[in-house]
Amino acid sequence: MNPSLLDDLNPEQREAVTLPDVSALILAGAGSGKTRVLTTRIAWLVQSGRVSPRGLLAVTFTNKAAREMLTRLSAMLPIDTRGLWIGTFHGLCNRLLRAHHREAALPQSFQILDTQDQLAVVKRVMKSLGIDDEKYPPRQAQWFINSAKDGGLRPSAVDPADEFERRMLAVYEAYDAQCQREGVVDFAELLLRCFELLSRNEILREHYRMRFRHILVDEFQDTNKLQYAWLRLLAGSANCAFAVGDDDQSVYRFRGAEPGNMRDFERDFGASHVIKLEQNYRSHGNILDAANALIARNQARLGKNLWTAEGRGERLRVFEAPSDIAEAAYIVDEIRALRADGIASHEIALLYRSNAQSRVLEHALFNAGLAYRVYGGLRFFERQEIKHALAYLRLVANPEDDGALLRVINFPTRGIGARSLEQLQEAARIRGTSLWLSACSDPPSGKAGASIGAFVHLIEGLRNSVQGMSLAETVEAVVDASGLKDHYQTERDGAERNENLGELVNAAAGFNAEQLYDPAAPDGGVVDLSDPMAALNAFLAHAALEAGDYQAGAGEDALQLMTVHSAKGLEFHSVFISGLEEGLFPHENSLNADDGLEEERRLMYVALTRARRRLYLTFAQSRMLHGQVRYNIASRFLHEVPPELLERVNTPPPRAFGSMPFGASQTARPAAPSMSQSASGWRVGQNVIHPKFGAGVIVNAEGRGADARVQVNFRNAGLKWLALEYARLTAA
DNA sequence: TACCTCCACGTTTTT
DNA sequence: CGTGGAGGTA
């Protein structure tokens with residue numbers, strides 16, 4: 001065995017990497033070398049001959065993480081990484097379902113619906129059921145369906161609690177039936193269908209259990225119920241599961257993650273070892289101490305304390321701005337100074353709790369002429385023009401895909417209006433067929449029928465001509481023949497869209513079989529891209545499963561703007577955490593949810609631990625939000641960091657009774673009160689007395705007239721929103 | 001069918 | 001404030 005593999009590991013890392021054939025849980029703190037342990041573990045297992053590469057299954061949540069693992073692995077091991085079963089939950093399930101599509105009752109070329117596509121199907125189904133979408137919002141139906149699937153529940157297993165849920169359930173049922181008819185699956189369905197396939201089909205289950213002796217899972221704290229069950233099913237009782245995660249970085253409960261899975265893992269997987277990785281290689285001591293002190297306030301923890309061999313470093317810099325604009329101006333100044341000190345832009349991150357906060361920052365950066373990149377916008381494969389082109393391609397692969405047909409049958413416009421579409425849908429409904437078949441066999445008569453006939457002819461023509469083409473040629477043919485290119489040529493902002501269509505052709509040309517599998521070969525050969533249909537299907541799946549990663553400007557040296565959520569897993573030399581205000585971070589909406597505050601605190605923990613060397617914590621006394629000026633007080637998280645680790649970099653404005661730091665008790669505000677506030681006789685910053693809650697100070701106000709509410713920070717009772725009409729407030 | 005205006009809404013997000 | 005969706009009008 002190559003000993004150098006283990007050379008630079010610390011004792012705990014080494015222990016984790018070299019565990020024998022057992023199940024184990026690795027509690028890996030932020031910056032403790034989690035990915036390294038995972039990949040080195042794989043390399044060690046292979047190199048020591050404990051398992052062959054084909055006997056491994058490694059699961060991640062994002063394509064980026066999967067790619068990273070493959071890249072590092074190919075540097076460590078002289079093996080062909082093609083055909084390795086390393087990927088996202090969805091990617092691996094897709095792979096299994098393609099290989100066993102018959103057993104899973106799916107067409108070979110089943111298509112994958114992204115979130116938008118799914119919502120469109122939900123809307124369509126609700127319409128056909130005649131359900132009032134005012135009373136039953138399609139988005140909620142979508143959420144209902146996905147939550148059920150993430151919990152492993154088919155419609156028959158859902159027990160509706162009330163009339164609302166009964167209607168939602170009816171939508172779920174009809175939705176599933178519709179997807180089945182069209183041969184399409186949504187993201188959650190990929191997992192659920194795969195889970196059901198393996199639980200019902202003993203032969204397949206045993207086959208894969210025999211094969212995957214070692215199962216490795218990244219970001220285990222983010223797994224949901226279904227993913228957990230899927231892992232248990234594959235692991236059986238004989239295989240080894242190696243789960244790496246950090247309960248303190250669990251920030252996705254809102255989308256179904258069950259951090260309790262970490263607690264249950266030991267029992268359910270018979271884990272014989274729990275190893276904690278607590279040495280942090282990323283941050284200086286003050287930053288880590290701040291993060292540790294903060295997260296220690298959470299009750300529900302498995303328990304872990306990060307330490308570093310590095311020095312204390314700088315203290316955390318706290319800046320209190322009078323307004324969001326002043327906050328942004330300060331950040332710009334500091335960025336200039338950092339750049340002058342030789343820190344590259346891409347090593348500087350601006351983090352915020354919610355996307356809306358990026359606007360003010362962007363404005364300031366733009367005016368300062370600083371290059372920046374905002375993460376989390378519209379992704380390449382989600383753009384309108386790309387979705388249109390993909391819809392044509394989907395029809396080429398499978399014309400019975402109603403969603404794809406509806407998207408483009410009249411785009412670009414070809415005289416197929418709402419009424420002829422309705423006729424078509426009605427005919428299809430009566431005969432129980434797809435729209436395509438209905439359009440082929442009995443198109444509406446007259447002019448509309450001719451238009452539909454022309455569309456059918458167009459798709460048929462494409463389906464034929466594609467047979468002899470490469471993937472890139474196919475995409476190009478579709479972009480041309482569909483009329484998309486011509487359409488965008490005439491549209492005023494169409495130039496960029498046409499550029500993107502060109503990019504799509506490039507993406508197809510650069511699409512290679514490296515990480516692909518052959519649907520026909522259960523054990524995962526490489527896709528034969530010379531088979532046009534196989535190549536097209538692989539490309540479409542790729543587009544659905546990997547919507548991002550074609551971001552413009554990637555790789556340029558630019559400042560990194562993103563939400564704290566998107567920053568998870570990344571690190572930077574310098575980090576600004578902005579908008580550290582009550583109501584924003586922690587977000588007010590989270591305070592009602594159970595465990596809400598603890599999740600916000602974990603989020604703050606993630607934010608703090610992104611920084612290697614320098615950390616700025618900034619907040620603003622006033623901020624424009626939803627078109628109204630809001631007056632916020634400093635985030636409680638600032639008080640949860642020991643004061644000796646902090647350094648105030650500006651002198652805060654004078655305070656009326658300000659013994660506490662960061663304006664925990666309130667003062668008159670510099671900003672002028674709005675008309676309604678002064679007209680109502682109250683103003684922000686005013687000291688008041690409430691008969692029940694006692695003395696406090698108005699910190700925020702919204703609404704007017706009968707709706708007027710004020711937020712009061714009571715000395716003893718804390719923050720409260722009070723309706724002015726009812727609350728018996730008196731001036732102090 | 002295309003454009004325009006009005007209204008409602010406004011954490012976090014990957015696949 | 002800003003956007004996106006819906007509904008109405010030319």
Side-chain angles (χ1 to χ4, degrees), chain A residues 59-66 87-94 112-119 123 133-134 137-139 143 146 149-150 185-192 194 218-219 222-224 226-227 250-257 324-325 351-360 362-363 375-379 381-382 384 410-419 487 490-492 541-549 562-569 579 583-593 596 599-600 602-604 606-607 623-630 702:
Chain A
V59 199
T60 64
F61 275 86
T62 65
N63 293 300
K64 196 174 160 202
T88 62
F89 278 100
H90 295 85
L92 295 173
C93 286
N94 174 50
I112 300 166
L113 303 179
D114 70 12
T115 313
Q116 296 174 32
D117 302 331
Q118 185 189 33
L119 184 63
K123 282 182 178 167
D133 59 4
E134 296 268 291
R139 283 190 183 279
W143 184 85
N146 289 335
K149 289 190 180 184
D150 286 345
V185 298
D186 58 59
F187 289 132
E189 182 72 22
L190 280 172
L191 281 151
L192 183 52
C194 187
D218 191 17
E219 303 277 17
D222 288 338
T223 51
N224 64 29
L226 180 54
Q227 288 157 340
S250 163
V251 291
Y252 285 111
R253 263 175 56 116
F254 70 91
R255 66 173 199 215
D324 49 354
I325 293 171
L351 308 185
Y352 34 80
R353 175 65 180 80
S354 59
N355 284 306
Q357 288 165 251
S358 75
R359 186 178 313 281
V360 178
E362 285 184 69
H363 189 77
Y375 287 75
L378 193 61
R379 284 178 307 212
F381 285 112
E382 291 169 357
Q384 184 206 88
N410 199 34
F411 191 97
T413 50
R414 42 177 76 89
I416 303 173
R419 68 213 164 281
H487 173 83
T490 58
E491 214 181 55
R492 49 196 187 312
H542 168 80
L545 291 175
E546 201 154 346
D549 288 356
M562 64 191 89
T563 63
V564 179
H565 280 94
S566 341
K568 202 174 95 166
L584 242 127
F585 197 1
H587 198 280
E588 53 196 348
N589 293 4
S590 71
L591 299 178
N592 304 321
E599 177 133 329
E600 293 290 306
R602 290 193 289 270
L603 205 46
M604 182 65 182
V606 168
R623 177 178 300 277
M624 185 69 104
L625 198 68
H626 306 331
Q628 273 193 322
V629 179
R630 291 187 41 144
E702 65 175 34

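In what follows, chains are A, B, ... by sequence order, proteins preceding strands, each numbered from 1.
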Could you tell me how far B:dT14 sits from C:dT3 if I compare only their C1' atoms? Round to whole Å.
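Between the two C1' atoms, the distance is 23 Å.
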Apply side-chain contact (heavy atoms from CB on, under 4.5 Å) to [X] and list each qualifying residue two or more places apart in sequence or on a separate chain.
X        : answer
A:Thr115 : A:Gln142, A:Phe187
A:Ala356 : none
A:Pro412 : A:Tyr392, A:Arg414, A:Leu484, A:His487

Could you run through nucleotides 7-14 of chain B and give me one letter per nucleotide, 5' to 3': B if any protein heavy atom sits under 4.0 Å from the base, S if only the sugar-phosphate is that close, - if neither?
---BBBBB
Rounded to whole Å, please give me the gap between CZ in A:Arg414 and P in B:dA2.
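Spelled out: CZ on A:Arg414 to P on B:dA2 is 13 Å.
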Would you kindly give the CG-to-P distance between A:Asp150 and B:dT15, to the nearest whole Å?
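Nearest whole value for this atom pair: 15 Å.
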Heavy atoms, side chains only, cut-off 4.5 Å: are A:Leu226 and A:Leu192 in contact?
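Yes, close enough: below the 4.5 Å cut-off.
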Less than 4.5 Å apart, any side-chain heavy atom of A:Thr60 and any of A:Phe89?
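Sidechains of A:Phe89 and A:Thr60: no contact.
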Chain A on DNA chain C: first and last contacting nucleotide, 5' to 3', under 4.0 Å to a heavy atom?
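Here the contact window of chain A covers C:dC1 to C:dG2.
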Contact class for A:Asp133 vs. all strands (heavy atom < 4.0 Å): base, sugar-phosphate, or nothing?
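No contact.
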Syn/anti state for B:dT12 [syn: chi within 90° of 0]:
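This nucleotide is in anti.
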Pick the closest DNA chain B nucleotide for A:Ile416 and for A:Leu545 by heavy atoms, then say which residue is nearer the 5' end.
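In this pair, the answer is A:Ile416.
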Classify the ring geometry of A:His565 against A:Tyr252: parallel below 30°, tilted from 30° to 60°, perpendicular beyond 60°.
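Tilted.
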Could you tell me which residues satisfy ring pair (Phe, Tyr, Trp, His ring centres under 6.0 Å) with A:Phe585, sequence neighbours excluded, listed by chain and number?
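For A:Phe585 the ring pair (Phe, Tyr, Trp, His ring centres under 6.0 Å) partners, ignoring immediate neighbours, are A:Phe637.
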If you draw a 6.0 Å radius around CG in A:Leu119, do more than 12 non-hydrogen atoms from other residues or ligands fall strictly inside?
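Counting neighbours around CG of A:Leu119, more than 12 heavy atoms of other residues, nucleotides or ligands fall under 6.0 Å, so yes.
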